[in-house]
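Take a look at the structure set out below.
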Amino acid sequence: MTGLGDLGRASDSSIESERMILVTGGCGFIGSNFILDWLATHTEPVVNVDLLTYAANPETLASVSVDKRYAFERADICDTAAMKAIFAKYLPRAVIHFAAESHVDRSIHGPMDFVRTNVLGTGSLLEAARAHWKSLGDDAAAQFRFVHVSTDEVFGTLGANDPKFSEHSRYEPNSPYSASKAGSDHLARAYFHTYGMPVMVTNCSNNYGPRQFPEKLIPLMIVNAIAGKPLPIYGDGMQIRDWLYVSDHCSAIRRVLESGAPGELYLIGGDAEMPNRDVVHTICSLLAKHRPGTDYTKQITHVTDRPGHDRRYAIDFSKIERELGWRPSENFATGIEKTVLWYLQNAEWVAHVQSGEYKTWIEKNYKERSATPA
Ligand code: NAD
Ligand code: TYD
């Protein structure tokens, strides 16, 4: 475990003895949005535990690195001893677990990284959390929370007329990514059922918004369009995802943390099912509006499909709406326009994440995909 001075305060932090939350994967897309929102709306401190893999961008949190309520620990969630030391040092009252390998295409190229981080890493973190939880007094133990952040992809794929995923859907993961997340969900569930640890699992649909690494569909299409590069749609582009603006995911997690019932699963969605083709065309129209002079649709190419590509995801989020009073506040039209504007206004951030590793990945993922008819 390493404290990185300019990324946030670490070992000598005076926040160690206060009531605080522990976030894993806080330098990634959703985790960084969560921490920025948290510090903007709460007084309670947060410690961010992140290994800083390719998906991390500590620059994203530069604005809070000097905030007295923020501490950073560079550590691997698979390292149980390091996790136990972090729990002993900060005594968090809750954990929000985001850290994961998160990209389906990378899981197809290298599944074992996903098994290691998502399954073993979650197991190791749960073990460290359990040791900490057992050491708490009765009141603090009863109030302790572990929120395991997961994905709708664990439920597999839907046909066009199937009902949406709900908390009663069967786990049927199809990719190494979703299978490894399913494994982590089962471990989280087992820690509630076996040990009584107050664990809750959230399964959310596809997120988009500021600060998403441009290997995922929406940021990749925006940055490629701006750079005059091809917009590679896999297969026929009629695969459907439900899209949720990232700050709405963060507000749902806060709601689960505050009021969710231990042992429960909560599905979170955006009520915004859309085929990939429509998502890409929407991005092209918004770029034409805010950066006129180019017909971005001319850059669209259909390329070889993803193996085992799930056809449709859709979320029935009536449980979290009914029980915890949560609903998304953005719709796709408002969220995607904010997102396109963010990428237009943050060219420097984009340039910094398009490092050597990024170029290697883009080369690896797209070089084998020949253009196919639409
Ligand atoms: P991301 O890939 O952008 O970020 C992951 C973060 O975890 C990075 O900062 C990385 O450095 C860190 N990390 C990876 N391995 C680690 C390890 N061994 N130890 C410590 N830190 C490590 O991911 P994201 O898109 O922000 O997703 C966060 C979580 O939300 C994941 O668990 C993902 O499965 C889940 N989720 C994501 C989406 C989505 O659309 N992005 C939707 C639903 C659920
Ligand atoms: P992605 O953002 O990788 O999320 P997930 O696979 O977790 O849903 O992909 C979203 C959809 O976009 C998915 O159906 C695959 C498709 N896609 C493309 O068509 N082209 C691309 O270059 C990428 C990255 C994704």
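Both counts, for ligands and for their atoms, begin at 1 and track the order of listing. Values reported hereafter were calculated over all heavy atoms of this structure, with side chains retained and with hydrogens, waters and symmetry mates removed. Numbers here simply count residues along the sequence, with the first being 1. Here the structure is a predicted model, which means the values were calculated and not measured.
- At a heavy-atom cutoff of 4.0 Å, ligand 1 is contacted by the side chain of Thr117 but not by its backbone.
- Evaluation of the salt bridge (Lys or Arg N to Asp or Glu O under 4.0 Å) rule for Lys216 yields no partner, not counting sequence neighbours.
- Contact between Tyr366 and ligand 2 is present, with at least one heavy atom of the residue lying under 4.0 Å from the ligand.
- Distances from ligand 1 to the non-hydrogen atoms of Ala75 include at least one value under 4.0 Å.
- By the criterion of a heavy-atom distance under 4.0 Å, both the backbone and the side chain of Leu217 are placed next to ligand 2.
- Using 4.0 Å as the threshold, Tyr208 has no heavy atom nearer than that to any atom of ligand 1.
- Residue contact annotation: Gly121 has no non-hydrogen atom under 4.0 Å from ligand 1.
- Proximity of Ser205 to ligand 1 is established by a heavy-atom distance of less than 4.0 Å.
- The proximity of Asn203 to ligand 1, defined as any non-hydrogen pair under 4.0 Å, does not occur for either the backbone or the side chain.
- Counting the atoms of ligand 2 from 1 in the order shown, those under 4.0 Å from a heavy atom of His103 are 3 (O).
- In this structure, Asp316 has no salt bridge (Lys or Arg N to Asp or Glu O under 4.0 Å) partners at least two apart in sequence or on a different chain.
- Checked by distance only, ligand 2 and Trp243 stay at 3.5 Å or farther apart across all their nitrogen or oxygen atoms.
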